Amino acid sequence: MSANAVSCTIKSPVALQIGDAVSDSSRPGVYITDITLAEPVNIQEISFKNYYTAYLTVRLQRREDGSAKWVTCLRNYCLMSNPHAEDGSHDYFSIYRHQMLTEPDNVTTVRLILRQPSSEWLNFSIEEINIHPCAKEDSERDVPAWISTLTPVEEPLDLNGLPDPETVSSSIQQMWALTEIMQASQTAASIGRFDVEGSYDVKLLSYT
Amino acid sequence: MAEKRRAGVAIMSDEQLLSQAGVSALLRGALLRLLECRPEDPVGFLAEHFAHLSSEAEDGASERQSVSRALWHLSLAHHSHRSAFNNNVRVAYELLTQGVPRRLGAGGVRGRLYSEMLRCLCSEGGLSGSTAAPLLRRIQSHDYESVPFELFRQGVLTCAVFADYIRKSQCLYAAVASAPDRPAERTLCQAVLSTLREALETADGADVARYLEASAKISPAKVAQAMAEVQPRAQRHDGLTMDAQEFEDAAAALFIARVRTVS
């Protein structure tokens, strides 16, 4: 599971209702949320936190050879086993590539269709939506460069006439260690050369 | 011991005599110090120890004496014996701050004494004046300034470590030079110094990561590789050599560059 999420813009949910939204007093049972991505992404995972949504449908808009196509990748995925009960109402979910009906590659927009048929709940939504891209093969976690130089060189070096590397290396190591000791003992203590009763006095700055 | 009777003087037993003079405490302190320092000449050490004790008991010791006494204390333990060394630094600091009138919030060693201490430490460590001069320029204080304990300890430790460092660099030069009487090849010296410089310049990070990376750079394999890379040039026998003093100065420069200037 990759830790990095792609940055995306999540639009506010739009309710699908029959009739006039303002005058009609019944609560909507369907919400649609669109998520636009800055650049086409191969999705590895969509993670979110549920809030009383019963069923989820996910549609993707893919950029294919210049044209944009909408495909359904998840149809009526059940988040709450019983829409009237609490079960699954606050759970965290992750939807992976292999669960999707089509390959989520080159995706530009993700549309989430939330359904809650029960009249129990005043509101329902999903929160903390994160879209995780596929990890690229070449971008691994940063391995320090010096680790790759640890493997010894295959061909034996011609050391004729050169000083013994063990002795030289041992002396260098001790010199390095002594310098480290000195640096570790450095304190921030100061003589207060430029302090005058705790503050800076320009006239005391010396030129040496 | 036969008891002596004197008119009007009470007779003391052996234990009373020893405890009244505080002799047993004195002897115990002297033996502990001896065990801590383990000198090669125990009798001479004990003689110096008691001589210093008796002169410390006098008031109005001259500054010259204070400095020499402080130096003697600092010479008792190598800086690698950290707790013993720190104790000695504390004792030396106390010695040097005696007699200084406590100004408000400015207690410390007088700058002149501190600078003189550092100079003597460097010369006792076998450093020549020219080698130690750049270091002293960074860490010594002006005569009128007052040096707090932390800075005093840091300066003393830096001088002690620097003396060891220069000794090590002399061993390194001897290892790089192919024969004791001939100077070493310049390219080899430069290759060796640059491996040390690279290890010292390891980027900041967590301490453990930094140590691992630096030690990978100065492993025998890496050193052998660095030397083998310059070998074709060295074997051309250009005659370009680097003498011991130049090598020592270059190594010293690497160390001194990392010493914080006192301000």
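Both backbone and side-chain heavy atoms feed into the values below; hydrogens, waters and symmetry mates do not. From a predicted model like this one, the values you see are computed outputs, not experimental measurements. All chains are named by letter (A, B, ...) in the order of the sequence lines, taking the proteins before the strands, and each is independently numbered beginning at 1.
- Using a 4.5 Å cut-off between heavy atoms, Arg197(B) makes no contact with chain A at all.
- Counting heavy-atom pairs under 4.5 Å between each of Ile181(A), Asp164(A), Val168(A) and chain B puts Val168(A) at the top.
- To the nearest 0.5 Å, atom CG of residue Leu157(B) and atom CD of residue Gln186(A) are 9.0 Å apart.
- The local environment of CZ in Arg59(A) is crowded, with over 12 non-hydrogen atoms from other residues, nucleotides or ligands closer than 6.0 Å.
- A heavy-atom distance below 4.5 Å is not found between the side chains of Ser215(B) and Gln173(A).
- Side-chain N or O atoms of Ser169(A) include one that pairs as donor or acceptor with a backbone N or O of Ile218(B) at under 3.5 Å.
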For this session: Test Arg210(B) against Glu180(A) for side-chain contact (heavy atoms from CB on, under 4.5 Å), laying out the working first.
Result: CA-CA 11 Å; Arg210(B) 220 159 44 81; Glu180(A) 282 295 320; 3.4 Å; yes
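- When side chains are defined from C-beta on, His79(B) counts as touching Leu178(A), because their heavy atoms get closer than 4.5 Å.
- Judged purely by distance below 3.5 Å, without hydrogens or angles, the side chains of Thr187(A) and Gln154(B) pair a donor atom with an acceptor atom.
- Residue with the most contacts toward chain A among Leu212(B), Leu172(B), Asp207(B): Leu172(B) (heavy-atom pairs, distance under 4.5 Å).
- Between chain A and the options Ala184(B), Ala174(B), Ser219(B), Cys171(B), heavy-atom pairs under 4.5 Å are most frequent for Ser219(B).
- The shortest heavy-atom contact between Glu166(A) and Pro220(B) is OE1-CG, 3.8 Å.
- In terms of heavy-atom pairs under 4.5 angstrom with chain A, the leader among Ile166(B), Val262(B), Thr158(B) is Val262(B).
- At a 4.5 Å heavy-atom cutoff, Leu193(B) makes no contact with chain A through either its backbone or its side chain.
- Evaluation of the ring pair (Phe, Tyr, Trp, His ring centres under 6.0 Å) test over residues 169-190 of chain A, restricted to residues two or more places apart or in two chains, returns Trp176(A)-Tyr211(B).
- Within a 6.0 Å sphere centred on CZ of Arg38(B), heavy atoms belonging to other residues, nucleotides or ligands number 12 at most.
- In this structure, chain A has no heavy atom under 4.5 Å from any part of Ala226(B).
- Annotation: Lys69(A), atom NZ; neighbour count of heavy atoms from other residues, nucleotides and ligands within 6.0 Å does not exceed 12.
- Atoms CE and CG, from Met175(A) and Leu200(B) in turn, are 8.5 Å apart once rounded to the nearest 0.5 Å.
- Residues of residues 251-259 of chain B having a heavy atom under 4.5 Å from any heavy atom of chain A, listed by number: Ala251(B), Phe255(B), Arg258(B), Val259(B).
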